[in-house]
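The block underneath contains the structure these notes are about, expressed in structure tokens.
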Amino acid sequence: MVFRTAAKLLLASSPALVAGQGYYATNRGGYACYAYGNWGTVGGGSTNYNYKPYATISGGHSNYIYAYGATISGGMSNTNYGPYSNILGGQTVRTYGSYSATLGGHTTYTYGGYGNVLGGYLNSAYGSYSSCGGGTYHRVYNPYSTIGGGHNNYVYSYSGTVVGGMYNSAYYASYSAVAGGYSNAAESVGGAVVGGYDIWVSGDWSMIGGGRYNSVYGSYTYMGGGDSNKVYDAYNFVGGGRGNKQYGAYSVIGGGYANTGYADYTVIGGGYANRVYATYATIGGGKNIFAYGYASTVGGGDNNVAAELRGLVAGGSSNNAYEEYCTVGGGAGNNAYDLHVTVGGGRANSGSTEYTTVLGGYLNVAVGYASTVLGGYDNEIYEEYAVIGGGLSNRGYSEYGVIAGGRENYVTGFASTVGGGLDNSVYSSYGFIGGGAYGSVYSYAGTVGGGYDNDVYGDWGVIGGGYGNRANADYTTVGGGYKNYATGYGSVVVGGFTNVASGYVASIGGGSNNVASGDYTLISGGSANTCLLYTSPSPRDRG
């Protein structure tokens, strides 16, 4: 009891450690707390100093207020220099801006008016109306900007935002934003990075979703993600992929690897090492594809080229459309060399003159204007409007000539035709060979229906078939058989073998070794018959 009484007397005689020196200032308790400002308040705590009017320190330790109407609720070693600003708690917190607020954290700073730092460590908000949510080592330098959290993020732009992540920056242009990720930067007006690693957006109102090492330098561009993709112009879209580059505007790269667009309004869907060099050109996908022509298109495949205006290569391998409006459907090693040429597919086919068509096959060539090879192998056309349907090693050298098929057939006469067979040839206009082998037509409008080694030398001559038959004069006919000869004008051998009709309009029905050498003579059949009688008057004797 003696010691307790002595202690009370000692405290009563000591100087006051809680003081309110300001006019109407209030100290409610604590240790070494001072309220120097008029109407100031210190609620409690220890070593707290309130120097300004209408300011309040609720508690804590070693807190200081140097601003009119400021507040410190608690914490340690906090200082408030901002009028009407608030520090809720934390340690070594500094507030300099008017109407700003710091909720807590360690070594955090609020410099701008109406700014706030929610917490964290070594975070600073320099801009008016700026905000830092938490995390560590953040800097917010401009008005209306925000850092949500993370580590070592920076905002230099007006109304910029970094939501979180690490080493992310929203640079000098206004309204830029980084949502998260690592070492990402948005330095353009309205530029945005959602996430990823080492992403860079410098085009106004552009955005990168994620990935790594991606960059956008053009305005109004979107990149979804991927790796090491670059966009240098405006209004572009890159979905993803790796190593893709777009230099033109209003263009699209869907994805893939090492694809490049050099012109405006281009599209590359995907694939590998594809290149677009002309406006409105499109590559769907594939590998090592090149679109050089305006509005040209390559659907896919590998090593295909659309070189000129509105050229099209649908797919395949090593196909080339070298001229305007050319089309290659697919296959391998096909070439369209002139305007409006079409190669449907196959292998090593080519169209070399305007409007030529090769639909398929192998090693087929259409050189004649508007000529067509439907298919087959090693077929060639060199004249206008000619057609080869198919077969092997057929040659068309006549305008409007037709070879339907077969092997090693030749057409050189105007509008002549070979239906098929082997090694048949038509050398005159309007000649026709239906089929067979080794048949020839040397005369105007001559016809060989088929057979083997049949030849027509007379105009409008006809051999229906057989073997080794000859129609040597105009309007002659050999129906068939073996080695029958119609050598007289208008003569006829219907069939048989080794028959000869040499007279004018002479006829042999059949048999063997018959000879009708007289005009208008007739041998119906038999063997070794000869008719030499000249019948008069004949039409040529009439006056």
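Just so we're clear, the structure is a prediction, and the values are computed from it rather than from any experiment.
Between Ile463 and Ala471, the shortest heavy-atom distance links the atoms CD1-N, 3.7 Å. Across Ser398 and Ala415, no two heavy atoms sit closer than the pair OG-N, 4.4 Å. Of all non-hydrogen atoms in Ala263 and Ser251, the two that sit nearest each other are O-OG, 3.1 Å. Nearest heavy atoms, Ser188 versus Gly203: OG-O, 2.5 Å. What you find for Gln246 and Gly261 is that their closest heavy atoms are NE2-O, 3.2 Å. Here the closest heavy-atom approach between residue Ala506 and residue Ala501 is recorded as O-CB, 4.0 Å.
In this structure, the salt bridge (Lys or Arg N to Asp or Glu O under 4.0 Å) partners of Asp453, at least two apart in sequence or on a different chain, are Arg470. Evaluation of the ring-ring contact (aromatic ring centres under 6.0 Å, His included) rule for Tyr250 yields Tyr235, Tyr265 as partners, not counting sequence neighbours. Under the ring-ring contact (aromatic ring centres under 6.0 Å, His included) criterion, Tyr385 pairs with Tyr369, Tyr400, not counting sequence neighbours. Take Asp378 and apply the salt bridge (Lys or Arg N to Asp or Glu O under 4.0 Å) test, not counting sequence neighbours, and it matches Arg395. Under the ring-ring contact (aromatic ring centres under 6.0 Å, His included) criterion, Phe237 pairs with Tyr222, sequence neighbours left out. For Asn214, the side chain to side chain donor-acceptor pair (under 3.5 Å) criterion is met by Asn229, not counting sequence neighbours. Listed by chain and number, the residues in a side-chain contact (heavy atoms from CB on, under 4.5 Å) with Arg275 are Thr260, Tyr262, Ala273, Tyr277, Phe290 (sequence neighbours excluded). Every residue two or more places apart in sequence or in another chain that forms a ring-ring contact (aromatic ring centres under 6.0 Å, His included) with Tyr232 is listed here: Tyr217, Tyr247.
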What donor-acceptor contacts under 3.5 angstrom involve side-chain atoms of residues 147-155, with partners at least two apart or in another chain?
| residue | atom | partner | partner atom | Å |
| --- | --- | --- | --- | --- |
| His151 | ND1 | Thr136 | OG1 | 2.5 |
| Asn152 | OD1 | Tyr154 | OH | 3.3 |
| Asn153 | OD1 | Tyr167 | N | 3.3 |
| Asn153 | OD1 | Asn168 | N | 2.8 |
| Asn153 | ND2 | Gly149 | O | 2.9 |
| Asn153 | ND2 | Gly165 | O | 3.1 |

List the atom pairs, with distances to 0.1 Å, where a side-chain N or O of residues 191-202 and a protein N or O form a donor-acceptor pair under 3.5 Å, not counting sequence neighbours.
| residue | atom | partner | partner atom | Å |
| --- | --- | --- | --- | --- |
| Trp200 | NE1 | Glu187 | OE2 | 3.4 |
| Ser202 | OG | Val216 | O | 3.3 |

Using residues 318-336 as the side-chain source, report each donor-acceptor pair under 3.5 Å to any protein atom, sequence neighbours left out, with the distance given to one decimal.
| residue | atom | partner | partner atom | Å |
| --- | --- | --- | --- | --- |
| Asn319 | OD1 | Gly333 | N | 3.3 |
| Asn319 | OD1 | Asn334 | N | 2.9 |
| Asn319 | OD1 | Asn334 | ND2 | 3.3 |
| Asn319 | ND2 | Gly315 | O | 2.8 |
| Asn319 | ND2 | Gly330 | O | 3.4 |
| Asn319 | ND2 | Gly331 | O | 3.0 |
| Asn320 | ND2 | Tyr322 | OH | 3.2 |
| Asn320 | ND2 | Asn335 | OD1 | 2.8 |
| Asn334 | OD1 | Ala348 | N | 3.2 |
| Asn334 | OD1 | Asn349 | N | 2.8 |
| Asn334 | OD1 | Asn349 | ND2 | 3.4 |
| Asn334 | ND2 | Gly330 | O | 2.8 |
| Asn334 | ND2 | Gly345 | O | 3.4 |
| Asn334 | ND2 | Gly346 | O | 2.9 |
| Asn335 | ND2 | Tyr337 | OH | 3.3 |

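Identified under the salt bridge (charged side-chain N to carboxylate O under 4.0 Å, His left out) test for residues 278-288, with sequence neighbours left out: none.
Using a 4.5 Å heavy-atom cutoff, the side chains of Ser440 and Tyr442 are in contact. Side-chain contact check for Lys483 versus Tyr467: every heavy-atom pair is 4.5 Å or farther apart. When side chains are defined from C-beta on, Leu392 does not count as touching Asn394, because their heavy atoms never get closer than 4.5 Å. Side-chain contact between Ser157 and Ser174 is absent, with no heavy atoms from C-beta onward closer than 4.5 Å. Ser352 places none of its side-chain heavy atoms less than 4.5 Å from the side chain of Asp338. Contact of the Ser159 side chain with the Tyr175 side chain is registered, since non-hydrogen atoms from C-beta on lie closer than 4.5 Å. Two residues are said to be in side-chain contact when any heavy atoms from C-beta on lie closer than 4.5 Å; Arg242 and Tyr257 meet this criterion. You'll find the side chain of Tyr410 stays beyond 4.5 Å of the side chain of Val426, heavy atoms only.
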**Request:** Start with the C-alpha gap between Tyr355 and Leu339, add the side-chain angles, then the distance that decides, and say whether side chain to side chain contact (heavy atoms under 4.5 Å, CB included) holds.
**Result:** CA-CA 6 Å; Tyr355 301 101; Leu339 297 172; 5.9 Å; no

**Request:** Could you walk me through whether Asn379 and Asn364 pass side chain to side chain donor-acceptor pair (under 3.5 Å), step by step?
**Result:** CA-CA 5 Å; Asn379 297 307; Asn364 296 311; 3.2 Å; yes

**Trace of the side chain to side chain contact (heavy atoms under 4.5 Å, CB included) decision for Ser128 with Tyr114** = CA-CA 6 Å; Ser128 301; Tyr114 300 94; 5.7 Å; no

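Put simply, the side chain of Ser145 gets close to the backbone of Pro143: a donor and an acceptor are under 3.5 Å apart. Looking at Asn499, its side chain never comes within 3.5 Å of a backbone N or O of Asn484 through a donor-acceptor pair. With Asn244 contributing its side chain and Lys230 its backbone, the two residues share no donor-acceptor pair below 3.5 Å. Without hydrogens or angle criteria, Asp204 side chain to Gly190 main chain gives no donor-acceptor distance under 3.5 Å. Remark: the backbone N or O of Gly286 is not paired with any side-chain donor or acceptor of Asp302 at under 3.5 angstrom. Proximity of a side-chain donor or acceptor of Asn469 to a complementary backbone N or O of Gly481 within less than 3.5 Å is detected. Side-chain N or O atoms of Thr221 include one that pairs as donor or acceptor with a backbone N or O of Ser219 at under 3.5 Å. Under a 3.5 Å cut-off, the side chain of Asn288 and the backbone N or O of Tyr272 do not form any donor-acceptor pair. Of the possible donor and acceptor atoms, none in the side chain of Asn236 sits under 3.5 Å from a partner among the backbone N and O of Val252. Panel note: side chain Ser429, backbone Tyr444; no donor-acceptor pair is recorded below 3.5 Å.
The line from CD1 of Ile289 to CG of Asn274 is 5.5 Å long, rounded to the nearest 0.5 Å. Annotation: the span from Lys245 atom NZ to Ser228 atom OG amounts to 8.5 Å, rounded to 0.5 Å. Annotation: the span from Asn184 atom CG to Ser169 atom OG amounts to 9.0 Å, rounded to 0.5 Å. Put simply, OG on Ser131 and OH on Tyr144 are 14.0 Å apart, with the number rounded to the nearest 0.5 Å. Rounding to the nearest 0.5 angstrom, the gap separating the CZ atom in Arg139 from the OG atom in Ser130 is 12.5 Å.
The closest side-chain donor-acceptor pair between Thr279 and Asp264, if any, does not fall under 3.5 angstrom.
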